[in-house]
Amino acid sequence: MSNKAIICQDLTKQFGAFKAVDHISFEVEQGEIFGFLGANGAGKTTAMRMLCGLSFPTSGKATVAGFDVYHQQEKIKANIGYMSQKFSLYENLTVTENIEFYGGVYGLSRTEIKKRGGDMIDMLGLSQSAKKLVGELPLGWKQKLSFSVAIFHRPKIVFLDEPTGGVDPLTRRQFWDLIYSAAADGITVFVTTHYMDEAEYCNRISIMVDGRVEALDTPTQLKHSFQAQTMDEVFYQLARRAQRTAD
Amino acid sequence: MPAVSLQHISKTYNKGTVKAVNSVSFDVNKGELFGLIGPDGAGKTTIFRILTTVLLPDQGEATVEGLDVVKDFKTIRRKVGYMPGKFSLYQDLTVSENLTFFATIFKTSIKENYDLIKDIYDQIKPFSDRPAGKLSGGMKQKLALCCALIHKPDVLFLDEPTTGVDAVSRKEFWEMLQRLKQQGISILVSTPYMDEASLCDRIALIQNGNILSVDTPQNIISNFPAPLYAAKAKNFYQLLKDFRSDPAVESCYAFGEYLHLTFKDAGNCDQLMQQLRDKYQPAEFEYKKTVPTIEDSFIRLMQQTIP
């Protein structure tokens with residue numbers, strides 16, 4: 001088995017005549033922070049759903065954490081973490097209850113949940129708020145907690161779908177500290193974002209246009225190849241070529 | 001007379017336990033494109049709801065086109081266009097039905113003010129028979145803007161129109177706002193994206209219900225109080241950790257491919273930079289003096305305000 005975190009070969013998803021994802025191929029290394037960018041409607045969400053074992057590809061091959069996206073979806077789900085701005089924690093459960101719930105879903109033992117959960121709450125500086133309902137926490141804290149919960153079962157890969165939308169610039173940076181530290185621990189991070197400065201924090205970036213991966217490289221190389229000063233310009237040059245809108 | 005004026009507006013929720021907006025004051029001048037910039041939960045939507053007369057303030061006074069938001073609410077409602085952050089059109093009416101509906105309740109017709117919306121409406125016209133609920137995010141946003149404009153308002157309130165929208169659509173949207181501004185409409189727009197600040201004539205930075213600063217984007221940047229340096233190295237995360245924990249460094253944050261830092265001793269920066277280089281010897285190290293961004297200013301102002 002390969003030690004690549006993700007391998008995609010000509011992965012395609014078709015809805016009728018519409019190719020939402022059109023023969024995408026790339027590999028993600030273990031421990032890499034991989035930015036997955038694209039305009040609205042480019043096919044990012046559809047691709048991510050296939051990689052998370054939530055939808056079957058129409059054709060092509062892919063493995064995630066060494067498991068096949070056609071035959072081993074449940075194995076994939078057990079070995080990845082997922083977090084988005086929209087879906088994260090249960091607002092009516094306390095911090096501790098959320099941790100217990102997610103720990104339980106991923107099959108951790110009670111003693112493990114208690115120990116790791118305690119460490120996590122200390123590390124986040126949430127000891128005072130452990131018995132508070134998550135709905136009462138400020139957004140920035142929710143996002144940080146939500147990320148920590150997503151990697152609580154020590155997955156090989158964590159998928160982050162626009163994790164920092166709407167949070168203040170300071171919290172956004174604290175959030176990236178958590179991402180760096182997870183990557184340093186060997187967790188592969190697969191992240192989408194609309195903030196182009198965050199694209200710069202990734203080891204490599206892919207940019208999707210109309211269902212295809214149109215660019216894939218380090219931020220420095222991409223800027224070089226597109227003769228652009230910023231990632232914003234690179235993105236703009238590529239995304240404005242898009243034929244299809246987000247319909 | 002300013003288009004919009006707030007004097008010490010405060011609003012709390014849940015019987016005073018949640019302070020949404022805390023003694024906020026600022027003016028939006030006539031014909032100005034004014035940005036309210038801050039993260040989620042800063043109080044932006046509360047301010048919009050008070051100014052569009054759908055929410056009463058606890059304290060303070062506010063006027064729109066010289067009219068009081070409490071006493072003159074009926075007149076204000078005829079003079080303003082409001083695009084809420086949450087999509088609020090009728091999902092099961094078609095594009096053209098929604099537009100006709102809003103024109104009718106404002107006692108006008110699509111024809112009468114078509115000039116104003118033509119640029120924007122042309123882009124969604126091919127979908128005019130589609131239910132609004134079935135449109136993409138970018139299309140919904142354009143339709144909502146048309147509906148907010150159809151009665152030719154004096155003041156336009158746009159609450160986070162570009163949130164969740166990709167970089168290309170965001171750019172197009174700001175170009176539309178510039179064209180509306182040229183038609184003399186005063187615009188108050190909110191956004192969590194700091195890079196959009198430079199597209200406004202003036203901005204208010206807001207955090208936790210408090211205004212941090214009101215000024216032109218250029219002035220906010222030139223008021224940044226310390227020399228700012230940008231640095232990068234092969235191992236970016238290590239550089240960030242080293243510099244951040246160094247006693248000579250006052251602040252250190254990641255900004256795209258560089259990190260931005262200020263020193264406690266602002267008179268001696270170049271020498272301190274050399275010392276940091278010698279101390280940590282980062283591979284492929286580069287540094288330069290740099291111009292602050294609105295985000296640099298925002299972080300700094302935030303930290304001065306947080307006790």
Side-chain angles (χ1 to χ4, degrees), chain A residues 33 37-42 44 85-86 136-140 142-143 162 164-174 176-177 179-181 183-184 192-203 209 218-220 223 230-242 244-247, chain B residues 17-18 37-42 85 123-124 126-127 130 134-140 160 162-172 191-195 205-208 232 236-238 240-241 244 251-260 293-300 302-303 306:
Chain A
I33 303 175
L37 312 186
N40 298 344
K44 295 192 303 284
Q85 196 194 351
K86 284 165 211 133
E136 292 168 16
L137 296 181
L139 178 77
K142 267 189 234 175
Q143 299 297 85
E162 289 177 33
T164 56
V167 306
D168 69 71
L170 196 57
T171 309
R172 217 146 65 74
R173 283 166 180 79
Q174 290 165 351
W176 273 87
D177 284 346
I179 293 182
Y180 277 128
S181 122
T192 74
T193 179
H194 280 313
Y195 292 100
M196 286 303 135
D197 61 330
E198 294 188 345
E200 300 267 12
Y201 307 153
C202 302
N203 300 120
V209 181
T218 62
T220 313
K223 280 182 284 184
T230 61
M231 275 310 298
D232 222 21
E233 273 176 55
V234 174
F235 185 85
Y236 194 73
Q237 281 188 40
L238 277 167
R240 75 172 173 204
R241 292 184 203 160
R244 75 191 195 206
T245 58
D247 283 0
Chain B
T17 52
V18 181
I37 315 242
D40 289 2
Q123 301 172 48
I124 48 174
F127 311 101
R130 189 182 290 192
K134 295 248 160 75
L135 294 174
S136 71
M139 296 286 171
K140 277 183 182 165
E160 296 207 16
T162 55
T163 294
V165 174
D166 66 67
V168 176
S169 311
R170 275 169 57 191
K171 198 165 170 172
E172 285 172 5
T191 176
Y193 297 106
M194 306 271 153
D195 58 341
L205 301 180
I206 183 168
Q207 161 84 353
N208 291 333
K232 69 173 176 180
F236 187 78
Y237 185 47
Q238 190 60 45
L240 188 68
K241 283 199 289 191
R244 191 181 282 164
S251 73
C252 178
Y253 296 106
F255 273 82
E257 70 172 314
Y258 289 92
L259 53 80
H260 285 183
T293 63
I294 292 291
E295 241 179 76
D296 287 292
S297 301
F298 194 96
I299 291 177
R300 196 159 183 107
M302 252 177 92
Q303 287 173 324
I306 296 167

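The figures that follow rest on heavy atoms only: side chains count, while hydrogens, waters and symmetry mates do not.
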Notebook entry, point to check: If you tally heavy-atom pairs under 4.5 Å against chain A, which of Thr163(B), Ile299(B), Leu240(B) wins?
Noted result: Ile299(B)
Note to self: Just so I understand: if I count every heavy-atom pair under 4.5 Å between each of Ser169(B), Ala42(B), Pro192(B), Gly256(B) and chain A, which residue has the most?
What the structure shows: Gly256(B)
Item checked: Contact class of Thr171(A) relative to chain B, heavy atoms under 4.5 angstrom -> neither
Notebook entry, point to check: Which region of Phe298(B), side chain (C-beta onward) or backbone (N, CA, C, O), has a non-hydrogen atom less than 4.5 Å from a non-hydrogen atom of chain A, or is it both or neither?
Noted result: side chain
Margin query: Could you measure the distance from the OG1 atom of Thr218(A) to the CD atom of Glu257(B)? Nearest 0.5 Å is fine.
Written below: 10.0 Å
Check: Taking C-beta and beyond as the side chain, do Asp195(B) and Tyr195(A) meet within less than 4.5 Å on heavy atoms?
Finding: no
Margin query: Quick check: do Phe255(B) and Arg173(A) have side-chain heavy atoms less than 4.5 Å from each other?
Written below: yes
Margin query: Show the nearest heavy-atom pair for residues Pro39(B) and Val167(A), with the distance to one decimal.
Written below: CB-C, 3.7 Å
Notebook entry, point to check: Nearest heavy-atom pair of Val168(B) and Arg240(A): which atoms, and what distance?
Noted result: CG2-N, 4.1 Å
Next item on the list: Check whether Lys241(B) gets within reach of chain A through its side chain, its backbone, both or neither, counting any heavy atom under 4.5 Å.
Entry: neither
Margin query: Does any backbone or side-chain atom of Pro169(A) lie under 4.5 Å from a heavy atom of chain B? Answer side chain, backbone, both or neither.
Written below: both
Margin query: Would you say the ring centers of Tyr201(A) and Tyr237(B) fall short of 6.0 Å from each other?
Written below: no
Margin query: Let me confirm one number: the CD1-CG distance from Ile206(B) to Asp168(A), rounded to the nearest 0.5 Å.
Written below: 13.0 Å
Next item on the list: Let me know if Arg300(B) has heavy atoms under 4.5 Å from chain A in its side chain, its backbone, both or neither.
Entry: neither
Notebook entry, point to check: Salt bridge between Arg244(B) and Asp177(A), side-chain N to carboxylate O under 4.0 Å?
Noted result: yes
Check: Quick one: do Glu295(B) and Arg172(A) make a salt bridge, cutoff under 4.0 Å?
Finding: yes
